[in-house]
Structure formats: structure tokens, C-alpha cells
Peer 1: 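After the C-alpha cells below, expect a handful of questions from me.
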Amino acid sequence: GLLQMAFGLFKKVVIADRLAMAVDYGFGNYQQQSGLSLFIAAVFYSFQIYCDFSGYSDMAIGAARCMGFKLMTNFNAPYFARSVTEFWKRWHISLSTWFKDYLYFPMGGSRTTKYRVYFNIFVVFMVSGLWHGANWTFVLWGAIHGTMVIIDKALSTVKHKMKLPRVNSTVYQIVQVSITFLLVTFAWVFFRAPDAQHAWAILTQISTLSVNDTVSLGVNTPELMFSFILIILLMAIERAWPRLQVININGFAWLFIFIGLLFTCYSLGVFNYKQFVYFQF
């Protein structure tokens with residue numbers, strides 16, 4: 001439990017709050033930013049909100065475990081999802097489960113006509129958007145995800161009817177994961193922007209992206225590169241985590257890792273920046 005709390009703290013103060021500095025600068029000064037800068041800011045926000053909220057969840061789950069309570073897993077490496085539908089099976093699992101049990105199933109779930117299923121899915125995501133706040137940005141965010149999940153389901157039905165062979169090559173999986181991440185990142189822009197007009201302006205600017213663009217996000221180049229390294233490290237840990245869990249490590253080794261995480265948080269953490277993002281909901 002203590003180890004999970006420490007890892008949650010690491011996600012929050014070392015990664016999320018560090019990324020937040022560049023994200024806030026980029027979104028707050030989007031008129032002066034290049035397309036590449038805003039694209040990086042959008043990618044950083046995807047990881048900021050993930051590390052912020054999953055770190056918050058890790059600390060809550062770890063604290064409960066210390067007191068003898070076992071809470072459900074709330075995140076399961078969502079940015080390794082190969083479709084938006086799979087993403088929602090890995091992201092904020094507690095809320096997704098609640099909506100499924102108390103809204104989707106009572107409306108008929110998947111045991112009804114095809115178009116009623118699509119309607120049910122769309123309603124669930126619209127309500128999910130409104131749950132975050134009475135703002136058009138959240139409504140659009142929910143509508144975008146609902147539309148993408150419906151498209152996923154429709155394409156899966158077509159593939160099943162055509163009996164297309166299942167492709168499992170590594171390259172194909174990487175392409176699927178990359179496309180899913182970009183689609184989710186596109187939707188996060190609406191979630192982060194103060195209003196729909198700002199969101200469209202930011203996405204329009206991102207569409208002008210060029211490799212020759214300069215990057216100016218209010219942080220120096222070493223700090224920017226360190227942020228990318230932390231993201232890569234996080235993804236590597238999440239990829240290896242299922243294998244690490246089955247390794248037999250004694251208590252002293254876990255204690256050493258716990259102390260190491262706390263020292264890393266103390267040395268590299270950003271402690272004077274932000275409260276948890278989900279405190280506003």
C-alpha cells in the first residue's frame with residue numbers, strides 16, 4: 001500500500017505537475033504558439049491528466065490497502081489501448097463501470113436493435129461529459145468519444161460479417177495504439193480548453209504543424225527533454241508492470257524501492273504548482 005501511494009505521488013509531483021507548466025503556458029498563449037508547440041502541449045496534457053488522476057487513484061487505493069481495504073483498479077495502462085472502445089475499458093474504470101451498470105444496462109445495453117445500441121452509447125457519453133461540468137467543452141468531449149466508440153462498434157460488426165482475418169503483428173498493434181492515442185489527445189483538447197472557440201482555434205493551429213516550427217512552451221530545452229524522458233519511463237514501467245508483479249521480491253527490496261521513490265519525489269518533484277485536476281469535478 002505504501003509503495004502504491006509513493007508511485008502515485010511520483011506520478012503527480014514529478015510528472016503531472018512538471019508537464020502542467022508547459023501545458024498551461026501553451027494553452028494560455030495559444031495565439032503565439034506554433035503548430036508543433038501546441039501539438040506537444042496537447043500530448044503533454046494527455047499525460048498530465050493521466051498521471052494526475054491515476055496518481056490520485058493510486059494514493060487512495062494504496063491508503064485503503066494500508067488500512068486493510070481492497071479497492072478496484074481504476075486505470076489499466078489506457079494509452080496502450082488499441083481502440084477508443086478499449087481505452088474506455090482501461091480509463092477511469094470505476095466511473096465507466098458505474099455508468100454501464102446504472103445507465104447503459106437499464107436503457108437496454110447491447111440487447112436491443114443496432115441503432116438503439118448506438119443511441120444508448122451516445123447518451124452514456126453525453127451524460128459522462130455533463131458529469132464533468134455544465135460546459136459545452138465537456139459536452140463536445142463526451143460527444144466525440146461517443147461517436148468514436150460507435151464507429152468502433154460499427155467497424156467491428158462489418159469486419160465480423162466480412163470474416164476478415166485478425167492481424168496481430170507488432171507493427172499493426174503499434175499503429176493501432178498510436179492512432180488511438182492521437183484520437184484521445186484530440187478529444188482532450190476540448191476537455192482542457194476554457195471554451196469551444198478556444199479548442200477549435202488550438203486544433204486549427206495544430207493543423208498547421210511543420211517540422212520547421214519552433215517550440216516555446218515557457219520551459220527551457222533540458223526541462224522539455226526531461227519531460228519526454230519521464231513519459232517514456234512511465235510507459236516502459238506500465239508495459240513491464242504485469243511481469244514485475246510476478247517477481248518474488250522480499251520486503252527489504254520493496255522498502256528500498258519505496259524510499260527511492262520518496263527521495264525521487266523530494267528531489268525532482270514540483271510542489272508549489274497545482275492541486276489535483278479532478279478536485280474541480
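The shown structure was predicted, so the numbers you read here are calculated from the model rather than taken from an experiment. One is the number of the first residue; the rest follow in order along the sequence.
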Peer 1: Taking all atoms of both residues into account, what is the closest heavy-atom pair of Val13 and Cys265, and its distance?
Peer 2: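 Of all heavy-atom pairs spanning Val13 and Cys265, the closest is CG2-CB, 4.0 Å.
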Peer 1: So how far is it from Arg65 CZ to Leu71 CG, rounded to the nearest 0.5 Å?
Peer 2: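 One gets 11.0 Å once the value is rounded to the nearest 0.5 Å.
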Peer 1: State, with a plain yes or no, whether a side-chain heavy atom of Gln33 is found less than 4.5 Å away from one of Leu217.
Peer 2: yes
Peer 1: Decide if the gap between the ring center of Phe47 and the ring center of Phe181 is smaller than 6.0 angstrom.
Peer 2: yes
Peer 1: Take Asn220 and Met225 through the side-chain contact (heavy atoms from CB on, under 4.5 Å) test and state the conclusion after the steps.
Peer 2: CA-CA 9 Å; Asn220 56 41; Met225 297 308 297; over 6 Å; no
Peer 1: Can you sort out the partners of Trp188 under side-chain hydrogen bond (donor to acceptor under 3.5 Å, both in side chains), two or more places apart, ordered by chain and number?
Peer 2: Tyr79
Peer 1: List, one per line, each side-chain donor-acceptor pair under 3.5 Å for residues 105-112, sequence neighbours excluded.
Peer 2:
| residue | atom | partner | partner atom | Å |
| --- | --- | --- | --- | --- |
| Ser110 | OG | Tyr104 | OH | 2.7 |

Peer 1: Can Ser37 and Asp213 be said to form a side-chain contact (heavy atoms from CB on, under 4.5 Å), step by step?
Peer 2: CA-CA 8 Å; Ser37 287; Asp213 286 346; over 6 Å; no
Peer 1: So, do Leu182 and Phe39 sit near enough that their side-chain heavy atoms are less than 4.5 Å apart?
Peer 2: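 Heavy-atom side-chain distance check passes, below 4.5 Å.
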Peer 1: Calculate, to the nearest 0.5 Å, the distance between atoms OG and CD1 belonging to Ser216 and Ile40 respectively.
Peer 2: 11.0 Å
Peer 1: Working to the nearest 0.5 angstrom, can you tell me the gap between Ile150 CD1 and His145 NE2?
Peer 2: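 Rounded to the nearest 0.5 Å, the CD1-NE2 separation comes out at 13.0 Å.
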Peer 1: Just to verify, what does Tyr102 make a ring pair (Phe, Tyr, Trp, His ring centres under 6.0 Å) with, not counting sequence neighbours?
Peer 2: Trp98
Peer 1: Do Leu9 and Leu261 pass the side-chain contact (heavy atoms from CB on, under 4.5 Å) test, and can you show the C-alpha distance, the side-chain angles, and the key distance before you say yes or no?
Peer 2: CA-CA 9 Å; Leu9 182 67; Leu261 277 172; over 6 Å; no
Peer 1: Minimum heavy-atom separation for Ser227 to Leu19, with atom names?
Peer 2: CB-CD2, 3.6 Å
Peer 1: Is Arg192 close enough and on-axis enough to Phe27, meaning under 6.0 Å and within 45°, for cation-pi?
Peer 2: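 Output yes; distance and angle both within limits.
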Peer 1: Where the side chain of Thr137 meets the backbone of Asp195, is there a donor-acceptor pair that is under 3.5 Å apart?
Peer 2: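 Such a contact is absent between Thr137 side chain and Asp195 backbone.
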Peer 1: Taking everything shown except Tyr30 itself, do over 12 heavy atoms lie less than 6.0 Å from its OH?
Peer 2: yes
Peer 1: Do Trp254 and Phe252 belong together in a cluster built from hydrophobic side chains that touch within less than 4.5 Å?
Peer 2: no
Peer 1: So, do Met126 and Leu130 sit near enough that their side-chain heavy atoms are less than 4.5 Å apart?
Peer 2: no
Peer 1: Which residues pass the side-chain hydrogen bond (donor to acceptor under 3.5 Å, both in side chains) test with Gln173, sequence neighbours left out?
Peer 2: none
Peer 1: Considering non-hydrogen atoms only, spot the tightest contact between Met21 and Glu223 and give its length.
Peer 2: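 Smallest heavy-atom distance, with atoms named: CE-OE2, 4.2 Å.
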Peer 1: Output all residues satisfying ring pair (Phe, Tyr, Trp, His ring centres under 6.0 Å) with Trp131, sequence neighbours left out; order by chain, then residue number.
Peer 2: none
Peer 1: Which other residues belong to the hydrophobic cluster containing Tyr266, where Ile, Leu, Val, Met, Phe, Trp and Tyr are joined when side-chain heavy atoms lie under 4.5 Å apart, directly or via other members?
Peer 2: none
Peer 1: Got Met72 and Thr97 here, is their nearest side-chain heavy-atom distance under 4.5 Å?
Peer 2: yes
Peer 1: CG/Leu233 to CD/Glu238 distance, rounded to the nearest 0.5 angstrom?
Peer 2: 10.5 Å
Peer 1: Looking at every heavy atom in both Ser57 and Asn74, which two are closest together, and how far apart are they?
Peer 2: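 What the structure gives for the nearest pair is OG-ND2, 3.1 Å.
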Peer 1: My understanding is that only residues two or more places apart in sequence, or in another chain, count here; which of them pass side chain to side chain contact (heavy atoms under 4.5 Å, CB included) with Met67?
Peer 2: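 Once residues adjacent in sequence are excluded, the partners of Met67 under the side chain to side chain contact (heavy atoms under 4.5 Å, CB included) criterion are Phe69.
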Peer 1: Between Leu268 and Met235, is there shared hydrophobic-cluster membership here, with clusters defined by ILVMFWY side-chain heavy atoms closer than 4.5 Å?
Peer 2: yes
Peer 1: Identify, with sequence neighbours excluded, every residue that meets side-chain hydrogen bond (donor to acceptor under 3.5 Å, both in side chains) alongside Thr185.
Peer 2: Ser46
Peer 1: Distance check, rounded to the nearest 0.5 Å: Ser210 atom OG versus Asn212 atom CG?
Peer 2: 4.0 Å
Peer 1: Between Phe271 and Val23, is there a shared hydrophobic cluster once you connect ILVMFWY residues whose side-chain heavy atoms come closer than 4.5 Å?
Peer 2: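 Same hydrophobic cluster.
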Peer 1: Angle between ring planes, Phe186 versus Phe190, binned at 30° and 60°: parallel, tilted or perpendicular?
Peer 2: perpendicular
Peer 1: Taking the six-membered ring for Trp, are Phe44 and Phe228 closer than 6.0 Å centroid to centroid?
Peer 2: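 Here the rings of Phe228 and Phe44 have centres that are less than 6.0 Å from each other.
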Peer 1: Hydrophobic cluster membership, with links at side-chain heavy-atom distances under 4.5 Å among I/L/V/M/F/W/Y: are Phe263 and Val14 in one?
Peer 2: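 No, separate clusters.
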Peer 1: Is the ring pair Tyr50/Trp91 parallel, tilted or perpendicular, if the boundaries are 30 and 60 degrees?
Peer 2: tilted
Peer 1: Sequence neighbours excluded, which residues qualify as side chain to side chain contact (heavy atoms under 4.5 Å, CB included) partners of Asp52?
Peer 2: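 Residues passing side chain to side chain contact (heavy atoms under 4.5 Å, CB included) with Asp52: Lys12, Ala16, Asp17, Phe276, Val277.
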Peer 1: On a heavy-atom basis, which atom in Val189 and which in Ala199 lie closest, and how many Å separate them?
Peer 2: CG1-O, 3.9 Å
Peer 1: Tell me every residue that passes side-chain hydrogen bond (donor to acceptor under 3.5 Å, both in side chains) with Gln205, counting only those two or more places apart in sequence or in another chain.
Peer 2: none
Peer 1: Would you say Leu2 and Cys66 make side-chain contact, with heavy atoms under 4.5 Å?
Peer 2: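 Leu2 reaches Cys66 side chain to side chain.
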Peer 1: Starting from the C-alpha separation in whole Å, work towards a yes-or-no answer on side-chain contact (heavy atoms from CB on, under 4.5 Å) for Val219 and Tyr25.
Peer 2: CA-CA 9 Å; Val219 295; Tyr25 187 88; over 6 Å; no
Peer 1: With the side chain counted from C-beta on, respond yes when Lys11 and Leu234 share a heavy-atom pair under 4.5 Å apart, and no when they do not.
Peer 2: yes
Peer 1: A quick test of your reading: do over 12 heavy atoms of other residues, nucleotides or ligands sit less than 6.0 Å from CZ of Arg90?
Peer 2: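 Above 12, so yes.
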Peer 1: Mind checking whether Val127 and Ile93 sit in one hydrophobic cluster, side chains of I, L, V, M, F, W, Y counted as touching below 4.5 Å?
Peer 2: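 The answer is no; the residues belong to distinct hydrophobic clusters.
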Peer 1: Only counting residues at least two apart or in another chain, list the ones meeting side chain to side chain contact (heavy atoms under 4.5 Å, CB included) with Ile151.
Peer 2: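 Listed in chain order: Thr147, Leu155.
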Peer 1: Taking the side chain as everything from C-beta on, heavy atoms only, tell me whether Phe87 gets closer than 4.5 Å to Leu183.
Peer 2: no
Peer 1: When rounded to the nearest 0.5 angstrom, what distance separates CZ in Phe191 from CG in Asn135?
Peer 2: 10.5 Å
Peer 1: Using a 3.5 Å distance criterion without hydrogens, assess whether the side chain of Thr264 forms a donor-acceptor pair with backbone atoms of Gly260.
Peer 2: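 Between the backbone of Gly260 and the side chain of Thr264 there is a qualifying donor-acceptor contact (under 3.5 Å).
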Peer 1: Looking at every heavy atom in both Ala196 and Leu140, which two are closest together, and how far apart are they?
Peer 2: CB-CD1, 3.8 Å
Peer 1: Taking side chain to side chain contact (heavy atoms under 4.5 Å, CB included) as the test, write out the residues that go with Thr157, two or more places apart.
Peer 2: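 Scan of Thr157 (side chain to side chain contact (heavy atoms under 4.5 Å, CB included), adjacent residues dropped) gives Lys161.
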